[in-house]
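Single-structure report; data block below.
Just so it is clear, the structure is predicted and the values come from calculations on it, not from any experiment. Because only heavy atoms are used, hydrogens play no part in the values below, and waters and symmetry mates are left out as well, while side chains stay in.
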Amino acid sequence: MAFYFEEVSHTFNEYLLVPGYSSSECIPANVSLKTPLTKFKKGEQPAITMNIPLTSAIMQSVSGERLAIALAREGGVSFIYGSQSIEDEAAMVARAKNFKAGFVVSDSNITPDATLNDILALKERNGHSTIAVTDDGTANGRLLGIVTSRDYRVSRMDGSEKVSSFMTPLENLIVGSDDTTLKQANDIIWDHKLNSLPIIDKEGRLKYFVFRKDYDAHQDNPNELLDKDKRYVVGAGINTRDYAERVPALVNAGADVLCIDSSEGFSEWQSRTISWIREHYGDNVKVGAGNVVDKDGFLFLAEAGADFIKVGIGGGSICITRETKGIGRGQATALIDVCKARDEYFEKTGVYVPVCSDGGIVHDHHMTLALAMGADFMMLGRYFARFDESPTNKISIKGNYYKEYWGEGSNRARNWQRYDLGGDKKLSFEEGVDSYVPYAGTLKDNVSLSLSKVKSTMCNCGALTIPELQQKAKLTLVSATSIIEGGAHDVIQKETSLDSIK
């Protein structure tokens with residue numbers, strides 16, 4: 001007969017942390033969120049350590065190059081989605097790796113033959129007041145001038161004026177060259193009281209902008225995650241089908257770490273993929289695997305050589321795998337089980353394989369619960385999809401802004417490789433939905449707020465590091481009634497319209 005787990009499958013929402021003793025040293029400013037991304041042997045250091053325990057999901061609607069840069073600035077790693085052509089994914093990785101901190105590729109560009117109305121529409125769409133005028137209207141066209149809000153007066157112009165008639169032409173601009181350093185660019189900006197400095201190459205083509213406002217932002221990123229060449233650390237997703245072609249392209253593009261993107265990782269397909277990477281690259285190429293939900297799955301991937309292992313099946317907000325296939329496990333229970341196996345494996349072999357909790361994070365406090373239960377870091381989809389830096393459109397619905405968000409198993413993504421079991425090369429049925437999530441602003445603001453909550457809770461538990469939290473944490477299951485008790489109850493909140501309760 002079938003094997004039955006004796007324990008009920010639980011979610012994060014069914015647990016609370018019980019406070020521990022907090023010394024005077026336990027203040028958020030003293031908390032370190034450094035955590036290993038890749039496996040290491042006892043007494044050694046991991047090849048990659050993150051400064052915050054956050055990675056972004058391998059999804060079309062989440063992890064593009066902009067988010068990869070923004071998350072690396074905060075100390076985490078984005079895994080650029082693999083459900084695209086090999087060439088396109090490698091190009092995304094290369095652009096993120098080649099991004100020069102403080103040097104911004106212009107995403108608001110126009111031709112000199114466009115009109116003021118076109119300028120206003122572009123500004124409305126992108127929200128940027130500095131617009132590059134290039135010969136072909138692209139970010140790397142020959143620079144002819146720039147337009148800022150100081151170059152036009154909407155009240156005195158009818159909108160049909162050509163951009164060439166009111167732009168600030170190149171001959172009146174101060175520009176930097178290809179070999180201008182960030183320090184030199186900032187000095188030029190301050191010396192000449194500029195808001196921006198265009199950087200052009202020898203042919204006069206626009207390469208970047210350096211903005212005055214980004215100077216302080218660069219100073220405000222002490223957790224930046226950089227490689228040995230001072231470039232941002234970037235991850236990329238792969239599948240178990242075309243890895244022989246995709247992996248070399250991503251490695252050549254500069255990817256620091258790879259991850260097999262699959263709905264279920266306890267399979268021969270994943271061990272084949274890892275074996276091929278080890279055969280051709282040894283341990284030089286780091287690759288994570290998953291997803292699994294129990295001890296057996298963890299041990300299989302650990303023995304196969306995975307550098308980290310993802311936990312979670314069916315817990316994502318857009319995932320319907322449990323509904324359609326009836327497989328999965330409550331995220332909290334799965335995580336506790338796998339992390340216990342991770343610790344036993346470390347004691348037995350001396351090899352520590354980091355565990356990534358993937359799915360089930362709904363509220364910020366779930367992050368702290370996941371870490372306390374043993375996760376070394378988390379992979380988040382919905383969380384990051386809400387931000388400016390995700391690759392999806394921002395749309396207005398009845399006066400509120402949302403971002404599009406769809407699952408890799410949805411008909412929109414059609415990422416059949418992620419759900420492939422060696423059959424036909426197609427998505428036979430959906431395991432994800434197409435949806436919207438409330439727009440939340442910038443990644444930096446939200447990540448800072450979320451992690452401030454994590455640090456505060458860690459202090460309540462008397463912990464200043466993630467390993468210390470895992471050692472000291474005390475967790476308790478909660479009843480449905482106590483979940484209600486934990487929120488606002490038995491009052492009429494002021495923001496609630498009295499008309500709605502009549």
Side-chain angles (χ1 to χ4, degrees), residues 37-38 47-48 55-69 71-72 77-99 227 231-265 267-291 301 304-310 356 358 379 381 391 407-410 412-427 431-432:
L37 176 62
T38 56
I48 304 176
T55 63
S56 68
I58 311 167
M59 300 175 68
Q60 295 174 7
S61 55
V62 178
S63 297
E65 62 201 80
R66 284 187 66 207
L67 195 125
I69 293 166
L71 186 51
V77 173
S78 180
F79 285 87
I80 289 175
Y81 67 93
S83 52
Q84 58 180 321
S85 72
I86 294 172
E87 295 75 18
D88 287 347
E89 185 183 10
M92 270 194 182
V93 170
R95 286 194 294 269
K97 289 299 295 182
N98 292 330
F99 178 83
D227 65 16
R231 301 179 302 173
Y232 289 129
V233 173
V234 178
I238 62 173
N239 62 68
T240 58
R241 282 289 189 140
D242 63 10
Y243 52 83
E245 295 79 34
R246 191 173 293 268
V247 170
L250 295 175
V251 170
N252 290 337
D256 298 277
V257 57
L258 307 176
C259 184
I260 301 172
D261 182 26
S262 174
S263 64
E264 205 279 298
S267 74
E268 181 181 346
W269 307 107
Q270 294 223 358
S271 64
R272 285 186 186 181
T273 304
I274 297 170
S275 294
W276 186 91
I277 291 173
R278 295 292 173 248
E279 178 185 348
H280 289 82
Y281 294 96
D283 289 328
N284 292 326
V285 170
K286 306 303 178 184
V287 57
N291 288 20
L301 291 178
D307 283 292
F308 65 84
I309 294 173
K310 292 201 297 166
C356 169
D358 180 16
M379 181 171 279
E408 289 295 294
S410 68
R412 181 171 182 173
R414 302 198 66 79
N415 183 4
W416 64 268
Q417 294 96 332
R418 188 178 199 278
Y419 301 88
D420 180 43
L421 294 174
D424 294 333
K425 298 180 179 181
K426 64 179 183 179
L427 191 69
E431 294 188 46

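- With hydrogens and angles disregarded, a donor-acceptor distance shorter than 3.5 Å links the side chain of Arg246 to the backbone of Gly82.
- Remark: Arg95 pairs with Glu65 by the side chain to side chain donor-acceptor pair (under 3.5 Å) rule, at least two apart or across chains.
- The line from CG of Leu71 to OG of Ser78 is 6.0 Å long, rounded to the nearest 0.5 Å.
- The distance from atom CG of Asp307 to atom CG of Leu37, rounded to the nearest 0.5 Å, is 8.5 Å.
- Of the options Thr273, Val287, Ile58, a side chain to side chain contact (heavy atoms under 4.5 Å, CB included) to Leu258 is made by Val287 and by none of the others.
- What you find for Ala289 and Ile260 is that their closest heavy atoms are CB-CD1, 4.2 Å.
- Of all heavy-atom pairs spanning Tyr281 and Pro248, the tightest one is OH-CA, 3.2 Å.
- The closest donor-acceptor contact from the side chain of Gln60 to the backbone of Tyr81 lies at 3.5 Å or more, if one exists at all.
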Hey, mind stepping through Asp227 and Lys97 against side-chain contact (heavy atoms from CB on, under 4.5 Å) and telling me if it holds?
-> CA-CA 10 Å; Asp227 65 16; Lys97 289 299 295 182; 2.8 Å; yes
Might you work through the side-chain contact (heavy atoms from CB on, under 4.5 Å) test for Phe79 and Thr55, ending with a clear yes or no?
-> CA-CA 7 Å; Phe79 285 87; Thr55 63; 4.0 Å; yes
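- Residues forming a side chain to side chain donor-acceptor pair (under 3.5 Å) with Asp88 (at least two apart in sequence, or on another chain): Ser85.
- Expressed to the nearest 0.5 Å, how far CD1 of Ile274 lies from OG1 of Thr240 amounts to 10.5 Å.
- Applying the side chain to side chain donor-acceptor pair (under 3.5 Å) criterion to Lys286, with sequence neighbours excluded, gives no partner residue.
- For Asn291 (side chain) and Ser263 (main-chain N/O), no donor-acceptor pair under 3.5 Å exists by modelled atom type.
- Taking CE of Met379 as the reference point, atom CG of Asp261 lies at 8.0 Å (rounded to 0.5 Å).
- Taking a cutoff of 4.0 Å between a charged side-chain nitrogen and a carboxylate oxygen, Arg231 and Asp256 do not qualify as a salt bridge.
- Minimum interatomic distance between Leu301 and Ile309 (heavy atoms only, all atoms of both residues): CB-CD1, 3.7 Å.
- A side-chain donor-acceptor contact under 3.5 Å links Glu89 to the backbone of Gly237.
- A donor-acceptor contact shorter than 3.5 Å is absent between the side chain of Arg66 and the backbone of Ala96.
- In terms of modelled atom types and a separation under 3.5 Å, the side chain of Ser63 and the main chain of Met59 share no donor-acceptor contact.
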